Trainee: 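Let me begin by handing over the structure; questions about it come next.
The figures here come from the full heavy-atom set of this structure, side chains too, leaving out hydrogens, waters and symmetry mates. Keep in mind the model is a prediction, meaning the values are calculated, not measured. Whatever order the structure lists ligands and atoms in, that order sets their numbers, starting from 1.
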Amino acid sequence: MPADRTYELPGGLTVIRTQPALGAVVSGIDLAQPLDEAKAEGLRRALFAHGVIFLRGQDHIGFAEHLMLAEAFGTPICDGPDPERPQITPVSAKAGSREGTASSWHSDGCYQPSPPSVSILRGIDPCTFGGDTCWASGVAAYAGLADELKRQIDPLRFTTSLAARIPKNYNHFGTASNWEELNEKYPPITQPVVVVHPVTGARALYANSTWALGIEGMDEEEGQALIDRLSAEFTRPEYQTRWQWEKGAIAIWDNRIVQHYGVPDQTTDRYLERITVQGGPMLSIADWQAKRKRIPEQA
Ligand SMILES: [Fe+2]
């Protein structure tokens, strides 16, 4: 990672980091113009270096340009409610309500066997006072752990499920029959407690209390205590960056190495749209080492 707070990237991009652990505002892009390969590569480099990047002044673009931006990071996932724009997940919240704000530390879709690699959230009608979003670096959180704890958690996996964390009578996803469908669609799976970024090789803490149900091979109480201990790392301000929304702002984050939290103090109703990009299975340290043995020229 570059040591300077501000630096230039090929493609005419300027990077201004928001915090030492993660986050950067990238300027030099007008999404109304086609995104050439130099700019796309610059965005990927900035994202992989800083975990979450922000663009400003893109209030003149629409769905097509949002999609074009997402495609710079891979293949957009089509699982949204609008058949005309299935790539879009609406993210809306009412003033003063916790509903829809995602106000707990999490990584999008970690309960899926192949979680999204990157999320791209566009402020359509954002709240400009309150309703910030915070991100925390799993890389910094892992690096800050004691060596003994790292050795303990490196090989561990946690169990995770979308439906299992949601009470059956909770209405956000609809009716009880809807819950049964969710449980069938997302049965409990396991994910590595510590993951490795497939491009950079960075190690990151991935377990989070929002979707984790327990630690594989540990009794429930012991596993939950460890998850709570590790999740607490994301609450340290030195591992975080915070974004105040404005119209035309876009946040892009790497789901594999950062967690995020929607602060539920929006003073007005707000509306954002998210596109997520298809990822692969999360790599444990052992998966990463095995992969590198199979490709010795990259070692
Ligand atoms: Fe989220």
Trainee: Ignoring water, what protein N, O or S atoms are under 2.8 Å from the Fe ion (ligand 1)?
Mentor: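 Atoms qualifying: H106 NE2, D108 OD1, H260 NE2.
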Trainee: According to the interplanar angle, ranging from 0 to 90°, do the rings of F158 and Y206 count as parallel (below 30°), tilted (30 to 60°) or perpendicular (above 60°)?
Mentor: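 Aromatic pair F158/Y206 classed tilted.
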Trainee: Just jot down the ring-ring contact (aromatic ring centres under 6.0 Å, His included) partners of W288, sequence neighbours excluded, or say none.
Mentor: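 Partners of W288 by the ring-ring contact (aromatic ring centres under 6.0 Å, His included) criterion come out as none, since no residue qualifies.
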Trainee: Please tell me whether W135 and F54 form a close aromatic pair, meaning their ring centres lie under 6.0 Å apart.
Mentor: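 They qualify: ring centres under 6.0 Å apart.
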Trainee: Evaluate the ring planes of W211 and H106, with Trp represented by its six-membered ring, and classify them as parallel (under 30°), tilted (30 to 60°) or perpendicular (over 60°).
Mentor: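 W211 vs H106 ring planes: perpendicular.
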Trainee: Within 45 degrees of the ring normal and closer than 6.0 Å to the centroid, is that where the cationic atom of R203 sits relative to Y142?
Mentor: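 Here R203 fails the 6.0 Å and 45° test against Y142.
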Trainee: Over 60° means perpendicular and under 30° means parallel, so classify the ring planes of Y111 and Y186, tilted if in between.
Mentor: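 Aromatic pair Y186/Y111 classed perpendicular.
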